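Predicted, not measured: the structure shown is a model, and the values here were computed from it.
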Amino acid sequence: MSGLMVAGLSKSYTLGDTRLDVLRDLSLQMNPGESIAIVGPSGCGKSTLLHLLGTLESPDSGDIEIDGVSPFKLAEGQLAQFRNLKIGFIFQDHHLLPQLTVLENVMVPALARGAADDKDRMRATDLLSQVELADRMTHLPSELSGGQRERVAIARSLFCKPTLLLADEPTGNLDRRTAERMTGLLLELQQQSNAILVIVTHSDTMAAAMGRRAELIDGKLIE
Ligand code: ADP
Ligand code: MG
């Protein structure tokens with residue numbers, strides 16, 4: 001079964017003696033090539049949901065399947081490998097490594113596996129051309145604009161040809177025109193690779209560009 005299946009997902013946090021039920025019996029199903037915008041007020045649990053989908057945190061109950069695999073049933077080392085191969089992340093602050101060049105940042109998934117080879121270098125170069133950064137490959141992140149850093153993050157997220165692309169308010173720090181260009185670029189690359197795109201956004205324009213839209217209300221997704 002290719003795609004994403006989420007069933008009965010629940011997650012709560014306990015702070016002192018207060019328990020906060022952030023996600024309650026949440027379900028979601030997505031086929032390859034689909035995109036969805038997740039909207040909702042600050043604090044409603046959008047980032048928590050993305051962390052769970054990205055297997056960075058585990059749920060209290062419920063299950064996630066990505067291409068037929070339940071990542072939380074994998075052993076620790078296998079889970080890291082699965083995440084590296086199947087999931088691409090784009091966060092608002094980009095998490096680029098400041099000491100690495102643009103090209104090296106895009107190849108980080110390969111470096112995490114061991115050394116990068118010529119094939120990895122070609123793939124990274126190709127992605128950087130697609131996001132129009134071919135002339136910035138030897139720059140450091142600190143030498144780029146916010147929009148350019150965003151494009152590096154997009155290129156890096158696609159490096160392993162992930163099944164699932166997760167973006168948490170990716171254009172939150174960009175001006176409107178740049179944000180709209182990034183949205184178009186992200187959708188184009190997602191459709192080319194037939195990945196599933198789950199994007200958290202406060203932008204109505206960005207949300208409207210996605211195939212589906214869901215609001216996170218009382219711990220559930222309402223489409
Ligand atoms: P959003 O991304 O929609 O703004 P979050 O998913 O970041 O919301 O947070 C949802 C709720 O869970 C918030 O009330 C937040 O304070 C709480 N929360 C998030 N992470 C933790 C944590 N690690 N420990 C305790 N509470 C948390
Ligand atoms: Mg958030």
Give, for atom [atom1] of [X] and atom [atom2] of [Y], the distance between the pair rounded to the nearest 0.5 Å.
X      : Y      : atom1 : atom2 : value
Leu221 : Leu26  : CG    : CG    : 4.0 Å
Arg136 : Arg149 : CZ    : CZ    : 12.5 Å
Ser61  : Asp25  : OG    : CG    : 7.5 Å

### Task
Give the intermediate values and the outcome of side-chain contact (heavy atoms from CB on, under 4.5 Å) for residues Leu165 and Leu158.
CA-CA 8 Å; Leu165 266 178; Leu158 290 162; 3.7 Å; yes

### Query
If two hydrophobic side chains count as joined below 4.5 Å and joins carry through other members, does Leu144 share a cluster with Met107?
yes

### Query
What about Leu85 and Val108, same hydrophobic cluster or not, with Ile/Leu/Val/Met/Phe/Trp/Tyr joined at side-chain heavy-atom distances under 4.5 Å?
no

### Query
Between Asp175 and Thr178, does any side-chain donor sit less than 3.5 Å from a side-chain acceptor?
yes

### Query
Looking only at side chains, do Ser10 and Arg24 share a donor and an acceptor under 3.5 Å apart?
no

Any sub-3.5 Å donor-acceptor pair from [X]'s side-chain atoms to [Y]'s backbone N or O?
X      : Y      : answer
Lys46  : Leu216 : no
Glu57  : Thr48  : no
Arg123 : Phe159 : yes
Glu180 : Arg177 : no
Asn105 : Leu100 : yes
Glu215 : Val39  : no
Asn194 : Gln191 : no

#### Entry: Verdict with reasoning, Leu28 to Arg212, per side-chain contact (heavy atoms from CB on, under 4.5 Å)
CA-CA 11 Å; Leu28 174 68; Arg212 293 163 59 180; 3.8 Å; yes

### Plane angle bin for Phe91 and Phe89 - parallel if under 30°, tilted between 30 and 60°, otherwise perpendicular
parallel

Do the side chains of [Y] and [X] get nearer than 4.5 Å, heavy atoms only?
X      : Y      : result
Ile154 : Leu189 : yes
Leu186 : Ile199 : yes
Ser193 : Lys161 : no
Leu49  : Leu9   : yes

Let me check something: any side-chain donor-acceptor pairs from residues 62-69 under 3.5 Å, sequence neighbours excluded? List them with distances.
unit_1, atom_1, unit_2, atom_2, d
Asp63, OD2, Ser70, OG, 3.2
Asp67, OD1, Gly3, N, 3.0
Asp67, OD2, Lys86, NZ, 3.0
Asp67, OD2, Thr163, OG1, 2.8

### Query
Between Asp60 and Ser12, which heavy-atom pair has the shortest distance, and what is it?
OD2-N, 2.7 Å

#### Entry: Glu223/Arg213 salt bridge by N-O under 4.0 Å criterion
no

### Task
Could you give me the CA-CA distance, side-chain angles and deciding distance for Met137 and Thr101, then say whether side-chain contact (heavy atoms from CB on, under 4.5 Å) is met?
CA-CA 7 Å; Met137 295 204 283; Thr101 65; over 6 Å; no

### Query
For atom CD of Gln81, is the number of surrounding heavy atoms from other residues, nucleotides or ligands below 6.0 Å larger than 12?
no

### Message
Checking Glu150 against Ile90 for the side-chain contact (heavy atoms from CB on, under 4.5 Å) test, could you report, in this order, the C-alpha distance in whole Å, the side-chain angles of both residues, the deciding distance, and whether it holds?
### Response
CA-CA 8 Å; Glu150 167 92 29; Ile90 307 164; 4.1 Å; yes

